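Down below is the structure, laid out as structure tokens.
Computed from a prediction, not measured in an experiment: that's the story for all the values here. Per chain, numbering begins at 1; letters A, B, ... match sequence-line order.
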Amino acid sequence: MGCGRVGSLVATQLLKEGHEVRIMDLSPESFLRIPPEYRDSIAFQGDGTVQDDLHQAGIDDADVFIAVSSHDTQNALAAQMARTLFNVERVICRMNDPARQQMYESLGLEAVSPITYLTESILNAVHR
Amino acid sequence: MYILVVGCGRIGYHLAKDLAAVGHEILVIERNPRRAALVAEEIGSMTLIGDGSEVGVLREAGAERADLMVATTAIDADNLVICQVAKHVFNVQRTVALVNNPSNQTLFKQLGVDVPVSSTEIIMKNIEEEIPTHSLVHILNLESSHMEVVVIRVPADGTVLGRLIRDVQLPPTSHATLVIRHGGTVHTPDDDFLLEAEDEVVCVTTQAEEEALLRTLTQVH
């Protein structure tokens with residue numbers, strides 16, 4: 001869910017590794033980030049925080065659900081829907097805010113904060 | 001009580017106003033500075049400009065001493081996260097969330113929102129009760145068991161009329177528990193009970209079986 005810079009790269013990479021991938025986003029322009037040879041087969045226009053759209057995107061058969069839109073709250077809702085309503089085995093979600101990332105980790109979601117990584121690499125660069 | 005209201009749209013605004021009027025201490029958290037200024041001026045309550053789903057903003061708002069969190073934004077994802085942060089980071093005892101998409105109501109409850117409020121559901125309930133032609137009325141949702149209590153009115157030319165209730169094939173987990181007859185007499189239907197036209201049948205059922213149950217009891221010749 002979320003075909004921004006992160007989502008499009010993750011999806012393309014997983015596809016290259018041989019996985020079956022579907023990527024959803026509300027904006028059709030976002031799919032331009034996917035290389036044209038893959039675009040049609042994996043793009044699904046829909047809202048990842050709406051149960052019906054998730055269902056239509058094929059979430060019932062998914063082994064992994066990844067929520068990487070730029071909005072923390074949308075990711076949190078989508079990820080918890082995937083886990084609670086569709087029983088997806090692995091759910092990974094992006095949380096920009098490190099405080100919320102910690103909270104969702106403690107609630108059992110795999111939450112990843114890009115801000116934490118970015119801060120670390122900047123500090124590393126400064127100290128080098 | 002100390003009550004945090006996040007979102008100052010139509011619902012948040014009037015809630016904050018009414019709660020302040022009955023003497024509660026209210027803090028309104030609103031992202032839009034213009035709207036926040038309007039509330040401050042009209043209600044005289046405290047406002048904080050910021051994103052109420054952020055841990056830092058809620059800390060600033062004194063969330064750890066709040067008795068109640070009310071999330072009233074137009075975005076369900078925001079309302080969910082606001083309530084979850086209030087509950088899990090600040091230990092707020094009661095959380096209330098506006099549910100804009102009614103299909104999220106049960107999920108919000110499962111995810112720890114104490115009171116998910118769907119305005120669509122409330123209005124729908126009123127319509128069902130007000131319009132007598134509607135043959136199914138929801139009375140109660142039993143969240144823990146996913147069962148619900150509904151009342152179904154038997155139509156005048158229904159196919160169930162004149163048949164013993166044991167011969168009527170209800171869906172497997174649905175039960176007809178009470179029958180209220182025209183004039184107000186109440187019956188607990190045993191196997192030999194005969195339904196009459198305009199009977200109101202109180203049933204325990206599930207959301208999944210509700211439609212089949214309605215069809216069975218209201219099918220006409």
So with a 6.0 Å cut-off around CD of B:Gln110, is the heavy-atom count from everything else above 12?
-> yes
Compare all side-chain heavy atoms of A:Gln80 with those of B:Leu107 and state whether any distance is below 4.5 angstrom.
-> no
What is the distance from atom CE of A:Met81 to atom OG of B:Ser103, rounded to the nearest 0.5 Å?
-> 6.0 Å
Taking non-hydrogen atoms and a cut-off under 4.5 angstrom, which of residues 76-88 of chain B neighbour chain A?
-> B:Asp76, B:Ala77, B:Asp78, B:Leu80, B:Val81, B:Gln84, B:Val85, B:His88
Contact leader toward chain B among A:Asn75, A:Asp97, A:Thr49, where contacts are heavy-atom pairs under 4.5 Å | A:Asp97
Is the CZ atom of A:Arg90 crowded by more than 12 outside heavy atoms at less than 6.0 Å?
-> no
Does atom NE2 of A:His55 have more than 12 heavy-atom neighbours, drawn from other residues, nucleotides or ligands, at distances under 6.0 Å?
-> no
When rounded to the nearest 0.5 angstrom, what is the spacing between CG in B:Leu111 and CG in A:Leu85?
-> 7.5 Å
Atom CG in B:Asp51, atom OG1 in A:Thr73: separation rounded to 0.5 Å?
-> 7.5 Å
Considering only heavy atoms, which portion of A:Gln74 lies under 4.5 Å from any heavy atom of chain B: side chain, backbone, both, or neither?
-> both
In terms of heavy-atom contacts, does CD of A:Glu17 have more than 12 from other residues, nucleotides or ligands at under 6.0 Å?
-> yes
Atom CD of A:Glu37 with >12 non-hydrogen neighbours under 6.0 angstrom = yes
If you count the non-hydrogen atoms of other residues, nucleotides and ligands that lie under 6.0 Å from CD in B:Gln207, is the total more than 12?
-> no
Exceeds 12 heavy-atom contacts within 6.0 angstrom, atom CD of A:Gln56 = yes
Interatomic spacing from OG1 in A:Thr84 to CZ in B:Phe108 - rounded to 0.5 Å = 11.5 Å
Residues of residues 110-121 of chain A near chain B, each having a heavy atom less than 4.5 Å away = none
So, do A:Asp72 and B:Glu54 sit near enough that their side-chain heavy atoms are less than 4.5 Å apart?
-> no
